[in-house]
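Here is the naming used below: chain letters follow the sequence lines, and residue numbers restart at 1 for every chain. Small disclaimer: the values here were computed from a predicted structure and weren't measured.
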Amino acid sequence: MRKLISLSLFAMSIAVAHAHAFLDHASPLVGSTVASAPREVSLTSQNLEAAFSSVQVTGANGARVDQGKPQISGNTMRVGLKSLSQGTYRVRWQALSVDTHKTEGSFTFSVGGR
Amino acid sequence: MLRSSNCSRAFALALLLVAVSAADAFAHCFVGPRFFPATLATDDPCVADQMSLPTVAWSKTGDVPPATEWDISADISKRITEDFGITISDTWSNIHQPGGFTKAGFGNLDTTVQYQLLKDGPHELALLVGLAVEWGGTGAIDSGLATPWSTLTPTFNFGKGFGDLPDSFGWLRAFAVTGQIGYQFPTRSFDVDSGTFIPQVLVYGGSIQYSMPYLKSEIHDYQLPDFINHLFPIVEAQFATPVANNFGNSPITIGTINPGVIWVGTYFQVGAEAVFPVNHASGTGVGFLGQLHLYLDDMFPTTIGRPLLGGNSTPPQKLSF
């Protein structure tokens, strides 16, 4: 058993390039209200696979307000936004980590008062 | 509690709870944006590549005076295909009676095969069926910690997250529930040694859990400390009720309610729960349950952490956005 524990801890220490791509941070913050319209949405996650990671931003009427394909640099995925008016917007994202684990999620942020 | 045959019955049911829990309690479970952690006392609703090493339980039995019991179990779960997996587990127990008498040894070996019926991401719903087998005669029969007969327990499990509720529900959307029900058949109906019938038992339980990771990434990021954002406060409950072939035995239901918390990391999780017996037959005072659980699919994604058959070596699909 002790050998198994040691092996497992060793594996955890070397397995830094794997695992699900959890959302670590978003800008604007998840569920936040920002005073001025942001120019982009950025999502920070782990081990993003550029070819299979995506983000979509829609307004209250369901129309897309992002500017298309996201840019991925390191662990951060960014997508530009069109000019946003006051309101609530939904960000839907999917990410594939380098070990092919898929993660997805969505959240809202608001511009101006709710 | 429990004297003579009643004592034996309650102890056997307690062993049953431990055995079913140990056999079924482990799987790495993503359903859409929802992550169901591996629960400690009951099962979560997914097959996966997992290992719990160890799960440690401490409690006092319902005997008068109560005995002190330690249970240390280990298990490993392996996917054969993407939706079909097997779990192998065993438990070592040490029961110390007041006055110095101690019995210790392994319980019977448990195996569970499970099939993933459904994973509905948008509704955060997962369904699972399985068959748990406790292999009679593979444990310490002489110590009374294992039985010479086997048991078969068909099981059904579900998990449901509430993230599909309207946004107006706010922080409540981070709640989720899991549940399980199983029906245990012994391979013998009568124990000649003790002169008692061996009942068929309904085993059931579940959990209500709150996902701080879900709150942060799906609902509202309050910028809480990172440690807090990895927590799942949880209450588990597990019960066993003899329902047939129980002539001459107590019909009483035993079970526990376990409030606790699970911390989830990228490659492993750690959980701790207090164990409250629901009645005197279920134990005395407050016990403890702790577990270190390893996500083999994340630790070894290209080797032992993937299904033996049908696993993909390339990304499974191009995402839609």
Do other residues, nucleotides or ligands put more than 12 heavy atoms under 6.0 Å from A:Q67 CD? yes
In Å and rounded to the nearest 0.5 Å, what is the CG to NZ distance from A:L29 to B:K216? 9.5 Å
Crowded around B:W58 CH2? As in, over 12 foreign heavy atoms under 6.0 Å? yes
Go through the atoms of B:D167 and report whether side chain, backbone, both or neither lie under 4.5 Å from a heavy atom of chain A. side chain
Counting only N and O atoms by type, is there a donor-acceptor contact under 3.5 Å from the side chain of B:E218 to the main-chain atoms of A:F107? no
Please find the pair of heavy atoms, one from B:P33 and one from A:G105, that lie closest to each other, and give the distance. CB-CA, 4.0 Å
Give, for atom CG of A:D24 and atom CG of B:D226, the distance between the pair rounded to the nearest 0.5 Å. 8.0 Å
